[in-house]
Structure formats: C-alpha cells, structure tokens
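Naming: A, B, ... by sequence-line order, numbering from 1 per chain.
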Amino acid sequence: MAYIAEIILPVYLKNVFHYLIKEEDFPNIQKGKRVLVPFGKSNKIYTGMVYKIYESHEHFHELKYVHQIVDEVPIFQTVQLDFWNWVSEYYCCSLGEVMLFALPNHLIIHTQTHVTFTEQIHSLDINTLTDKEKSVIDFLSSKEFISYEKLKNQFSDYVIKKLLQKQIIEIKTQVVNPYKPKIKTFIFINYPQLEQQFSSNNPSELITSAIQNTKSENHQKVLLYLLQNDGVEKQFLLNKLEISESVLKSLEKKSWISLEKYAIDRVQLRNSSIIQQELSLEEKSLCQEWIHKIENSTSWSPTVFFHDLGNNRIQFYVEWFKKWIEKGKQILFLVPEIAFTDKFVIELQNHFQDQLGIYHGKINDNERVEIWYKVFLKEFKIVIGVRSALFLPFTDLGLILIDEEQDSNYKQEEKNPRMNFKDSAIYYSKMLNIPIILASQTPSIETYYQTQIGKYNIIKYLKNSQLKESQVIIKDLKSEIALHQTVGLFSEYAYKSIFQQKLKKHVSIIFVNRKGYAPKIVCNACGHVHFCPNCDIALTYHKQIHKLKCHYCGFQEDNIYFCKNCGSNDLAYEGFGTEKVEEQLYSIFLNFKIARLDSENFKTKKQLSDFLQSIQKKEIDIVIGTQLITKLLHLDNIELLVVLLADIMLHIPNFRAFEYTFQFLRQLIYDFDLPNQENKQLVLQTRVPKHQVFEYLFKDYAEYYHEQITLRQELDYPPFTRLIELQILHPNQNILHYSINNFEKLLKNSYSEYILGPSIPHVSKLKNYYRIQYLIKIPKGQNPSKIKEHIQKAFKDFLILEKDRYFRIIINVDPK
DNA sequence: AGCACGCCGACT
DNA sequence: GTCGGCGTGCTC
C-alpha cells in the first residue's frame, strides 16, 4: 500500500500528476499545501499544489516521490481548489493554467541550475583539452555564477556534454524562493559594551561618558539622538542628522552601536486628507434595510444594485462594508481597474486604514506576496482589487461587491484561463454561500435580464435626475465636413466651446479612443500599408518615441522614412490617435497650454498625481486623452468634454457593439455628473447623429433594455443562448485552410445545428498564427459541458489525424 | 508548452 | 571529431 498525491503543476498540460508520498511526509502532507516535485526527464524541481491524497497499490512503482513539502499549513482551502477546478472545467483550460494565474509568481519556487568546476579542475592538464573546451573553461572562470541555460546558449551541447563526461564540470541545482523580503537596517545602542567600558548601568550616564570619549561631533550627535530614539531606521537617521554612513561604520567599529537587519512590510499606510462625506440618516437607514434584505433572503441569489449615484456610491459601499467588518468577515471589492489616485482608494483608506488591501496590475511581485499573506492572515479585512483579486486566499470571506458590473474588462480574453471574473465571482460566492452585489448605473443586458426573470434580486436607487437635452450636444461630422465647417478634427461647435472655456479659465477635455499618432501608414506612391510582421494588422505610429508598434502582439520597430515596398518617401499617416490630435491642437489653439494623458506618458503614480495638481492649479487649458481622462472628470474646473468619435465602438463586429457604446456614453455622463451640474456639457461628434444609441441617452433605461432584449431574443444571442468561440490556429496559412475541412468533419459530427462557421476572424493572423473561427450557439437548456467535451475531443482526434503539432485551439467560453 | 534525445548532414 | 538543425515523443 502506498500513499499517492495528485499534484497540480504550473505547466500548460491538461492533467494533474501523481506522486508517491514518503512515509515521513505522510503526516504532514495536506490538500492546499505547496510541494516541490521532480518533473520531466531532467527531474527539474517544480512547485506543485496538492490537490488530492489517496491510498493505492496500483502502478506506484513508476511514480516519483514528492521531494519536499513547502507549507506548514494549507495556503488554500478546499473550496478554493474546488473553485479552481470549476474554472478549469467551465473555461476549458488546465488546472495548471489556473494555478499559474491564481498564485503570485513569487510564491512559485523554482530551481536554478548552475555550472561549477569539479575537484578535478586542479589536477587537470589543459593540453588534453580541445580549443573549444578551453574556451568553456575560460568562460566559466571569468564569472562567478553561470546558469546552465546561459552556458547552453553560449556553447554547443556537444562540448558541454563532453566536459560533463570528463567530470571537469558539474551541474548543480539550487532551490530558489523568488520572494525577497524588504530588508532595512536599524541602529541600536550597544549597551552591554558601553556598560563594560564605562562601568555604569544608567543609560544617560553611559551616553554622556561615551560622548565625552569621542572628539567627533557626528558621533556625539548620533549617540544623543539614539538615547531618545533607540532602534531608529538607518536611512532615516542619516537624513535626519545629515551624516554619512561612515559615521555609523566607525561607531560600529567601536562596538558602541550595532546595526541590525529586519524584514519590513512593503505594504504601508498612505495618509490622505479628504473630507469625508457622510450619508444622511435617511440614506443610512436605507442601507440598513438593504443589508437586511440581502442577509435574510431565503435562498442564495445575487443582488443587483442599480443606482445613479455617480462617485457618491462609495459612501454607500463604505456603510455596507462596515457592517460586514463588524461581523468579523472579509470583503472583496472588485473594480474594473484602479490607480492609486483613485478617489475610491483614498476614500476607503480614510475609513479602513490598514485593514484595506489594494491589489492591481502595477503591484510588484514581492509586494504581491505580502498582500497575499495579509489577506490569508485576515489582517486585511477588505480588499479593493482588479479581477485577479478573486483568487486571493480569503479565509473568511463574507461579501463580494462588483462595481461597474457591466464593464467588459471583467472578461479575460488574452490568455488562459479565459474567464469572466464577474460570472466566476457569482459562482464562487454561491459555493461559499455568501452574498454578492453587482453594482451598476447601466446594468448589462444579461444581468438585468436575470433580475427580470427573478433569478437575481434587485435594489433600485434611482434619483432620476434628468439630463437636459442641452447638455449633450450631438454634432454631425459628416455634414459639417461637407460644408467645410469643421476646424481640423473639431466641429465648429466644439471649436468655439473650447475657446469659451479658456475665457472662463476652465479646462476642456478631449476624448480619443486611440493611443499613438496614427493607426496606419500608407504609401502614397504604391498604396502599401505597413503591417506588423507577426500579425495581420497595420502598425501604429508613435511619434513621441519614433517607433511603430503593434497593439496586438507588442512588436516594435523604429520609424520608417521610406516605403518598404517601393522605396518612396511619400508616406501618409492615416487616421488619428492622441498624439496626432495633440499636434493638431497646438496649431489650432495657439497659446493654449495643452497636455496629453494616456498610459504611454503616465507610467508612475507620481506623474499622474502631479498632473492632477497642475490641472487644479489651472496651468492647463486642454487635456487630450484616452480612457484615463475619466479620472479627471470629477475635478471642479472642468465643464466641457468632447468625444471626437462617439460612434467608433458601434462599428466593431460584435453583437454587443450597441450595448458597449451606450454603456460608454452613459458612463461618461455619470462620471462627469452631468445630471446634477447644469453648467456642464458633453459634445459628441459622430458621423451617424441620428443613431438610436444617442436617443436612448435621454430616455429611461427600461426602454433601452426592452428594445435590446427583444433583439437578443430574435437573433438568438445571450442571455437566450450561450456562446462559445472557437479558434483553430496554425503558423502556416495553407496548411490551416487545407486541413480545416478535416477538423470541421469531426467538429460537426454532433451538435452541428449549433455550430456557425468557419469564418476568418477580424484579425486573421496574430503572433504568427493564422486563425479560423467558429461560433457555437448553445440554446438554453442544453448542457454546455457536453458540448465543451465534444469540442475538445474533436480537436484531440484532429491532432491525431493530422500529426502536426503546430495546430492550436483557443476555446473562448462566453466571449465578450 | 518545454525539453531531451536522436538522427542527419555539413564542415574541418 | 565537432556542430547545429529539426522532427518526435514525453512529462506522474
């Protein structure tokens, strides 16, 4: 009889792996702990997650042993691993991929292999070696630490193998824990030494004697300071007393002080000073009522909070959060994106101080680990975070709140697991049997539908402040261009308004949906468009850095001055992004101070907060920017917002295009707080001014919803069907197109009535892979997991048939 | 997906 | 004898 553990490994393989458990490890091994296991031919050490433990007497002789158990206690609860499993099944990816995504990088321990000389090197006769071998020896002795990988890059496998055979070099593996605590040095008075030297046990007497015993003024300063502040942090002391490190060094040499190193928290409290707005008594009692309703519903179901509170909603959230913290529960507050300057973060910090964790993409790997542990140890009662915060190891989660529920960023499509974090959070909260609140000012069609059929509860809090028609100005670009009324990219109205704002010393904001200078470079001589070498998409010109970039794969190259096809220098920069608009603004609005705000030129928190300050100080007249500008809209000297191409999203090939555009525009209206501030204006420039989406802005949400839901039903789109998007990829276009028939036969041998396609996707080649796609529309009531299994089986059979390992499949469940 | 292994052709 | 390329098979 043997004990076997099922281990999840962070590799792109479908299965879990089985390992034998050493007898001495058996009492200690547990589901949810990390273990180190040897894997592959070279027995490289991987970090795995114990998923199951069982007894068996079959086939255990072929198995390897668990090398080591990493954790003292399980770092994930059973329910969390069950959730991983659900994600992997629902979104058709491996448990390993879920693990890779769920666990911070620095919690994945790996091995480093490096190459060293053996003892034999001393007795080695250099002349017996070939030139190549000698150069390897030279290379190795020139550096202290050489990884095996590096050596392999530098020299041929053959030479390395030879040297290994001759036992001149050897490969050593070393387990590396990537997490590095932040170490700071603290300074202490070395009292025992002083006591010995000056025979006293009174601290101030000792210091006085010491001071009298040194001529250095700096030494005296330090000792005096330490008398009051023993154990001060080194850097702080150096700055405070304006001394250099050598002063401390010489004191240490005398053994009068000691320097000690400690790990400290990176996660530290940031102070802020915003006056807290309080809810009215009436609002507070409303909150009570809602909480009561949420807590006392007979069966579990999500609650939709449909409101028009704008940024004030955070006050309500705080009120709810307090209730759950009182109960000793943890809270997860998911938001589509956050920056440190975020009003919400500041507000939450005011209320919850060091009980608040902030989790977003810009946090570095080490800090991530610290946050992770604070959540695990329940030091953080509440976490505001972006989607991946869903995988944090809450031990006592009591509430999930999803803000901006309608935001499509909750769906991840770039990599596996291609999951929707909103839907997954709903499922997770069901597993935990805890309440979940989906908050929105413009609920998504699908979410609202669930409230209509009674699956979700709804709390409506709508003040219905009416938007005046005069506040949203829709300008017809097409006709203005025809009549030569436009000024550059601006309608006459927008142009004049910007001048008026300047007279009022206000800032005008211009929204453009695209980064860079121009999204397309076309040769005027031969018509050649400059494409990304890896993708079927034109390169975007970024003028500021003189580079061409692919926004899909990240490819970058230096700007070109001549057409790569015909050599002509007559190149046209078609279309526009923020940079081009900025350039045009300078020529139209002379003597205006203009600033551009996009993720290209604002990489740090400080840049952004400095920028906010300069706006408040009225040092800027016009800001041009992408999505980030929504962070400015609450500032008080801003009354004009111009959207250059308001309809751009209407034209994307997606059944939700209308919904996205509507949500986007409504969101701008709320972020800008138009209904409550009559002096503000939103100018929407469009080529389709009569489009229905603009009409709906002035109408009730219900009207928009009914129209849209009817359309969805007629066209068999969600929520009336479930969609799976399927892409088959191959680096060779011909092979792909030739073989697709074989795949199709396998795919369509069942469920063919639900399968639409094949079709060429919007971008036909991405990262050097050509793609063909299918859309599968599964009617309600059909079991989608059967169909998912069928798809995966079809692809597996297809691979066996084709014997070509370059085929890949992407299964995108519930696509955007 | 990564990696080792083995076969092959090429070059000295 | 030396070297790199590429196809293949496997990972408990």
Side-chain angles (χ1 to χ4, degrees), chain A residues 2-22 25 29 31 34-69 88 92-101 105 108 110-113 127-137 139 147-166 171 173 414-418 729-732 735 767-769 792 795-796 799-811:
Chain A
Y3 293 106
I4 293 172
E6 259 179 44
I7 312 282
I8 307 169
L9 290 179
V11 290
Y12 293 89
L13 289 167
K14 195 74 204 164
N15 21 357
V16 289
F17 297 88
H18 301 250
Y19 284 87
L20 289 164
I21 304 166
K22 285 181 270 185
D25 277 342
I29 201 160
K31 182 175 179 181
R34 285 173 300 163
V35 287
L36 300 181
V37 291
F39 185 70
K41 265 182 185 160
S42 51
N43 280 329
K44 214 177 137 187
I45 298 290
Y46 279 75
T47 304
M49 176 61 59
V50 181
Y51 186 61
K52 262 180 205 159
I53 298 161
Y54 63 93
E55 279 179 67
S56 169
H57 34 247
E58 291 165 55
H59 73 279
F60 58 80
H61 46 276
E62 309 148 24
L63 301 183
K64 295 175 183 175
Y65 278 93
V66 170
H67 181 75
Q68 197 188 321
I69 298 166
S88 97
C92 302
C93 65
S94 73
L95 270 165
E97 284 168 316
V98 182
M99 174 176 170
L100 268 169
F101 190 79
N105 284 337
I108 293 178
H110 58 265
T111 49
Q112 209 166 45
T113 51
N127 297 322
T128 62
L129 299 178
T130 64
D131 285 353
K132 281 281 171 188
E133 286 170 341
K134 277 183 207 159
S135 64
V136 176
I137 305 281
F139 182 75
S147 70
Y148 184 42
E149 253 181 31
K150 211 170 198 173
L151 197 73
K152 268 184 149 176
N153 283 336
Q154 213 90 12
F155 300 96
S156 71
D157 288 354
Y158 183 83
V159 182
I160 298 170
K161 209 176 263 174
K162 264 280 149 67
L163 286 168
L164 282 169
Q165 267 170 17
K166 291 185 189 171
I171 295 164
T173 59
E414 336 56 272
K415 58 176 178 206
N416 277 354
R418 292 178 153 73
L729 286 65
H730 196 280
N732 181 311
I735 295 176
K767 297 179 184 170
N768 282 320
Y769 275 85
Q792 289 173 77
F795 185 69
K796 220 175 184 175
L799 280 186
I800 295 166
L801 188 76
E802 293 290 324
K803 294 190 179 69
D804 182 338
R805 54 204 253 97
Y806 291 106
F807 281 107
R808 284 181 52 198
I809 187 170
I810 293 175
I811 302 171

Give each protein N/O atom lying under 3.5 Å from an N/O atom of nucleotides 8-12 of chain C, with the pair distance.
residue	atom	partner	partner atom	Å
C:dG9	O6	A:R805	NH1	3.4
C:dG9	O6	A:R805	NH2	2.9
C:dT11	O3'	A:G40	N	3.4
C:dC12	OP1	A:Y19	OH	3.2
C:dC12	OP2	A:G40	N	2.8
C:dC12	OP2	A:G40	O	3.4
C:dC12	OP2	A:K64	NZ	2.4
C:dC12	O3'	A:H18	O	2.7
C:dC12	O3'	A:K64	N	3.1
C:dC12	O2	A:H18	N	2.6

### Task
Please figure out whether A:R808 or A:Y148 has its closest DNA chain B nucleotide nearer the 5' end.
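Final value for this comparison: A:R808.
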### Task
Let me know, please, whether A:V11 or A:S42 comes out on the 5' side of the other along DNA chain B by nearest nucleotide.
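It is A:V11, whose closest nucleotide lies nearer the 5' terminus.
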### Task
Name the nucleic acid region contacted by A:V159, choosing base, sugar-phosphate or nothing; use a 4.0 angstrom heavy-atom cut-off, strictly under.
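Sugar-phosphate only.
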Nearest-Å distance, [atom1] ([X]) to [atom2] ([N])?
{"X": "A:K14", "N": "B:dG2", "atom1": "NZ", "atom2": "P", "answer": "17 Å"}
{"X": "A:Y158", "N": "B:dC11", "atom1": "OH", "atom2": "C1'", "answer": "14 Å"}
{"X": "A:K161", "N": "C:dG1", "atom1": "NZ", "atom2": "P", "answer": "16 Å"}
{"X": "A:E802", "N": "C:dG7", "atom1": "CD", "atom2": "P", "answer": "16 Å"}
{"X": "A:K152", "N": "B:dG2", "atom1": "NZ", "atom2": "P", "answer": "14 Å"}
{"X": "A:D804", "N": "C:dC6", "atom1": "CG", "atom2": "C1'", "answer": "14 Å"}
{"X": "A:I8", "N": "B:dA1", "atom1": "CD1", "atom2": "C1'", "answer": "18 Å"}
{"X": "A:K44", "N": "B:dA4", "atom1": "NZ", "atom2": "P", "answer": "8 Å"}

### Message
Under 4.0 Å from OP1 or OP2 of C:dG4: is there any side-chain N or O of A:S156 that close?
### Response
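Answer is yes, contact under 4.0 Å.
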### Task
Please report the closest heavy-atom contact between A:V35 and A:I29, naming both atoms and the distance.
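Of all heavy-atom pairs spanning A:V35 and A:I29, the closest is CG1-CD1, 4.3 Å.
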### Message
Check this for me: A:K150, atom NZ, are more than 12 non-hydrogen atoms of other residues, nucleotides or ligands nearer than 6.0 Å?
### Response
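Open.
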### Query
Do other residues, nucleotides or ligands put more than 12 heavy atoms under 6.0 Å from the CD atom of A:E149?
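Check fails, neighbour count at 12 or below.
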### Query
Looking at residues at least two apart in the chain, or sitting in another chain, which of them share a ring-ring contact (aromatic ring centres under 6.0 Å, His included) with A:Y12?
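ring-ring contact (aromatic ring centres under 6.0 Å, His included) list for A:Y12, sorted by chain: empty.
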### Task
Can you sort out the partners of A:F807 under ring-ring contact (aromatic ring centres under 6.0 Å, His included), two or more places apart, ordered by chain and number?
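ring-ring contact (aromatic ring centres under 6.0 Å, His included) list for A:F807, sorted by chain: A:H730, A:F798.
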### Task
Answer whether the closest heavy-atom distance between the side chains of A:F17 and A:K64 falls below 4.5 Å.
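No; the side chains remain at least 4.5 Å from each other.
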### Query
Does any N or O in the side chain of A:K22 come within less than 3.5 Å of the main-chain N or O of A:H67, such that one atom is a donor and the other an acceptor?
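Here the side-chain-to-backbone pair exists.
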